[in-house]
Amino acid sequence: ADVLSEDALAWFIDRFSSKKTVDGEERFDVIFMDALDPQDDVPFAEVLYSNFMFTEALFNALTDDGILIMQLGVAPFTNDPPDEFSRSHNRAKLINGLQEFGFESIQTYEEAHCGFGDPWLFLVVCKDYGCRQNWYANSAEISVAIRKRLLPSVSGKPSLKYFDGATMNSYRPHKAYETIFCRRPNPAVECQHLPFISRVERESFEVKPSMNLAVNFVRMQTTPNPGVFATVDIPKGTMLLHGESSIHFYPTTADLIHKTLIFLTGRKSYKIEPLIMYLLSYSSQNYIFGSRGYGANSNILSLANHGCNGTHTITVPYPSCRGLTELTADPSKLPTSNARYNSKGRFPSSQLFNPVVERHLPHLTGGYYIADRDLSAGDEILDNYLASVTLKDNWENVVKELRRLCEGEYYTRKNSCSGN
């Protein structure tokens with residue numbers, strides 16, 4: 001490989017700015033950038049981290065699935081102000097700039113083995129959304145990939161001293177970064193639920209027969225169906241069962257399931273049918289881990305019935321469908337507040353960098369709820385299924401089906417997927 005001793009900023013701008021025609025052979029698969037720390041109080045730091053021509057050139061210099069990796073100086077502490085108002089303001093400028101040039105995934109992680117005394121912050125920026133599948137791969141997949149790609153050492157000892165699959169899985173935004181991120185002006189909506197000071201857990205609910213209309217798009221029944229009821233008083237705004245994890249079918253698992261289904265086409269397989277029924281009944285498809293996967297709410301609230309005509313008592317912690325019911329919703333138009341993912345089922349550009357979301361993905365993928373009104377012990381927990389629909393392709397069918405069911409054609413049991 002060539003080693004150049006040149007002004008890297010000028011070198012990239014001269015070759016990869018928007019005014020240049022770049023030959024595909026010249027692009028890079030990976031660019032590592034170890035420049036000045038954003039906290040350095042020198043004029044060149046301002047130029048480096050706020051030069052949009054340079055940021056654009058880095059984007060253009062990468063292949064279509066290229067990755068940019070940068071060190072961003074000392075990691076923040078919990079009592080720090082947001083980057084915008086600290087010595088790390090250049091870091092904020094850089095990250096905001098990266099979101100404007102077409103990158104599809106931005107991740108941060110901290111590493112304490114750099115020998116600097118404090119943990120160091122790193123940024124991984126992907127040009128293609130699919131790289132999230134590698135970022136969120138399980139530790140076994142990563143360990144296998146390392147084994148395949150690295151030559152064995154003569155001694156037989158691991159070639160990497162501080163890295164393996166488990167370490168890679170730990171590379172998520174630190175609590176301190178999440179905290180200062182939420183101190184920014186106009187913080188993300190997820191920030192308001194971080195304290196979780198008021199919350200109730202599993203023992204605050206019970207399942208018993210319900211006389212309310214409920215909805216299940218898979219199985220219909222005419223007998224009274226089960227419902228979820230509060231056993232304690234629950235104030236409005238309380239986070240419900242946040243501590244319970246969701247069930248995830250990550251992209252590699254989902255792909256294996258679909259390949260198995262194709263293989264079993266025309267064959268009877270009693271062993272896999274319960275799994276497929278669970279996916280259809282209680283999970284929602286998403287692409288937030290880089291490719292097709294599924295997430296399901298695994299707690300007791302997955303059995304909550306739909307509250308027809310605005311009688312729901314819980315909701316998701318987003319402004320989804322506020323004031324809308326199955327009777328008043330326009331089947332042809334998904335509310336803007338519901339569109340938490342873009343048309344491809346991915347996070348929109350405004351959510352490319354959100355440490356809160358990245359830290360809590362295990363809960364967010366299955367959904368979590370807050371009490372939408374004051375509840376008394378004995379009240380039934382009723383969901384608004386409309387609030388869980390995030391994709392335009394599903395909206396019309398869900399609205400029409402809820403209208404039909406809420407008009408009294410069926411007593412049914414809930415499908416927590418609700419058409420997601």
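Throughout, residue positions are numbered sequentially from 1 according to the sequence presented.
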Next on the checklist: Going by the rule salt bridge (charged side-chain N to carboxylate O under 4.0 Å, His left out), which residues pair with Glu396 if we only count those two or more places apart in sequence or in a different chain?
Outcome noted: Lys400
Item to check | Pairs where residues 61-72 contributes a residue and the test salt bridge (Lys or Arg N to Asp or Glu O under 4.0 Å) is met, not counting sequence neighbours | outcome: none
Checklist entry - Of the non-hydrogen atoms in Asn169 and Ala137, which two are nearest, and what is the gap between them? => result ND2-O, 2.9 Å
Next on the checklist: Would you compute the distance between atom OG1 of Thr252 and atom CD of Gln133 and round it to the nearest 0.5 angstrom?
Outcome noted: 6.5 Å
Checklist entry - Between Cys126 and Trp135, is a side-chain contact (heavy atoms from CB on, under 4.5 Å) present by the stated rule, with each step listed? => result CA-CA 10 Å; Cys126 299; Trp135 184 260; over 6 Å; no
Checklist entry - Between CD of Gln71 and CG of Asp34, what distance do you get to the nearest 0.5 Å? => result 4.5 Å
Checklist entry - Side chains of His174 and Pro119: does their closest heavy-atom pair fall under 4.5 Å? => result no
Item to check | Any pair counted as salt bridge (Lys or Arg N to Asp or Glu O under 4.0 Å), so long as it reaches residues 296-312, sequence neighbours left out | outcome: none
Checklist entry - Do side-chain atoms of Asn138 reach the backbone of Tyr250 as a donor and acceptor pair under 3.5 angstrom? => result no
Item to check | Donor-acceptor pair, side chain of Asp255 and main chain of Pro251, under 3.5 angstrom | outcome: no
Next on the checklist: Between Phe59 and Phe101, is the ring-ring contact (aromatic ring centres under 6.0 Å, His included) condition met? List the steps.
Outcome noted: CA-CA 7 Å; Phe59 179 86; Phe101 282 99; 7.2 Å; no
Checklist entry - Asp379 side chain to Ser376 main-chain N or O, any donor-acceptor pair under 3.5 Å? => result yes
Item to check | Nearest atoms (heavy-atom pairs only) where Thr231 meets Phe205 | outcome: OG1-N, 3.7 Å
Checklist entry - Should the pair His258 and Tyr294 be assigned to parallel (<30°), tilted (30 to 60°) or perpendicular (>60°) ring geometry? => result parallel
Checklist entry - Taking the side chain as C-beta and beyond, is there a heavy-atom pair between Thr78 and Ile180 under 4.5 Å? => result no
Next on the checklist: If you define the side chain from C-beta out and look only at heavy atoms, does anything of Arg132 sit under 4.5 Å from Phe289?
Outcome noted: no
Checklist entry - Is there side-chain contact between Asp383 and Asn305, with heavy atoms separated by less than 4.5 Å? => result no
Next on the checklist: Restricting to non-hydrogen atoms, name the atom on His306 and the atom on Asn384 that form the minimum distance, rounded to 0.1 Å.
Outcome noted: CE1-OD1, 3.7 Å
Next on the checklist: Using modelled atom types and a 3.5 Å cut-off, is there a donor and acceptor pairing between side-chain atoms of Glu104 and backbone atoms of Tyr129?
Outcome noted: yes
Checklist entry - Yes or no on side-chain contact (heavy atoms from CB on, under 4.5 Å) for Ile31 and Ile69, after CA distance, side-chain angles and deciding distance? => result CA-CA 6 Å; Ile31 295 177; Ile69 302 175; over 6 Å; no
Checklist entry - Closest heavy-atom contact between Trp395 and Pro335? => result CZ2-CD, 3.5 Å
Checklist entry - Do the side chains of Val124 and Ile67 get nearer than 4.5 Å, heavy atoms only? => result yes
Checklist entry - Hey, does the side chain of Arg91 reach the backbone of Leu72 with a donor-acceptor pair shorter than 3.5 angstrom? => result yes
Checklist entry - Between OH of Tyr369 and CG of Leu301, what distance do you get to the nearest 0.5 Å? => result 7.0 Å
Checklist entry - Given side chains that start at C-beta, do those of Asp83 and Tyr177 come closer than 4.5 Å, heavy atoms only? => result yes
Item to check | Side-chain heavy atoms of Met33 within contact of Leu58, under 4.5 Å | outcome: yes
Item to check | Qualifying residue, where the test is side-chain hydrogen bond (donor to acceptor under 3.5 Å, both in side chains) with Tyr171 and the options are Gln107, Glu111, Glu110 | outcome: Glu111
Checklist entry - Ignoring hydrogens and geometry, is there a side-chain-to-backbone donor-acceptor pair from His312 to Ile314 under 3.5 Å? => result no
Checklist entry - If you measure from the Lys or Arg side-chain nitrogens to the Asp or Glu carboxylate oxygens, is any gap between Glu178 and Arg359 under 4.0 Å? => result yes
Item to check | Thr260 side chain to Leu256 backbone, donor-acceptor under 3.5 Å | outcome: yes
Next on the checklist: Just to verify, what does Glu84 make a salt bridge (charged side-chain N to carboxylate O under 4.0 Å, His left out) with, not counting sequence neighbours?
Outcome noted: Arg184
Item to check | Separation of Glu56 CD from Leu98 CG (nearest 0.5 Å) | outcome: 12.5 Å
Item to check | Ion pair Asp374/Lys236, N-O distance below 4.0 Å | outcome: no
Checklist entry - Can any side-chain N or O of Thr253 pair as donor or acceptor with the backbone N or O of Phe249 at less than 3.5 Å? => result no
Next on the checklist: Tell me whether Glu326 contacts the main-chain N or O of Asn309 through its side chain, where contact means a donor paired with an acceptor under 3.5 Å.
Outcome noted: yes
Checklist outcome for this item: Closest non-hydrogen contact found for Leu352 with Ser105 is CD2-N, 4.0 Å
Checklist entry - Who passes salt bridge (charged side-chain N to carboxylate O under 4.0 Å, His left out) against Lys93, sequence neighbours left out? => result Glu46
Next on the checklist: Quick one, Thr108 with Phe122, criterion side-chain contact (heavy atoms from CB on, under 4.5 Å). Give me CA distance, side-chain angles, the key distance, then yes/no.
Outcome noted: CA-CA 6 Å; Thr108 63; Phe122 292 85; over 6 Å; no
Checklist entry - Within the distance-only criterion (no hydrogens, no angle test), does the side chain of Lys127 pair as donor or acceptor with the backbone N or O of Leu62 below 3.5 angstrom? => result yes
Next on the checklist: How close do Ser17 and Ala57 get, counting heavy atoms only, and between which atoms?
Outcome noted: N-CB, 4.3 Å
Checklist entry - When rounded to the nearest 0.5 angstrom, what is the spacing between CG in Asn51 and CG in Leu94? => result 11.0 Å
Checklist entry - Under 4.5 Å between any side-chain heavy atoms of Pro185 and Phe85, yes or no? => result yes
Item to check | Stepwise side-chain contact (heavy atoms from CB on, under 4.5 Å) test for Leu386 and Leu402 | outcome: CA-CA 9 Å; Leu386 292 179; Leu402 284 175; 3.6 Å; yes
Item to check | Set of residues satisfying salt bridge (charged side-chain N to carboxylate O under 4.0 Å, His left out) with respect to Arg183, sequence neighbours excluded | outcome: none
Item to check | Interatomic spacing from CG in Asp164 to CZ in Arg147 - rounded to 0.5 Å | outcome: 13.5 Å
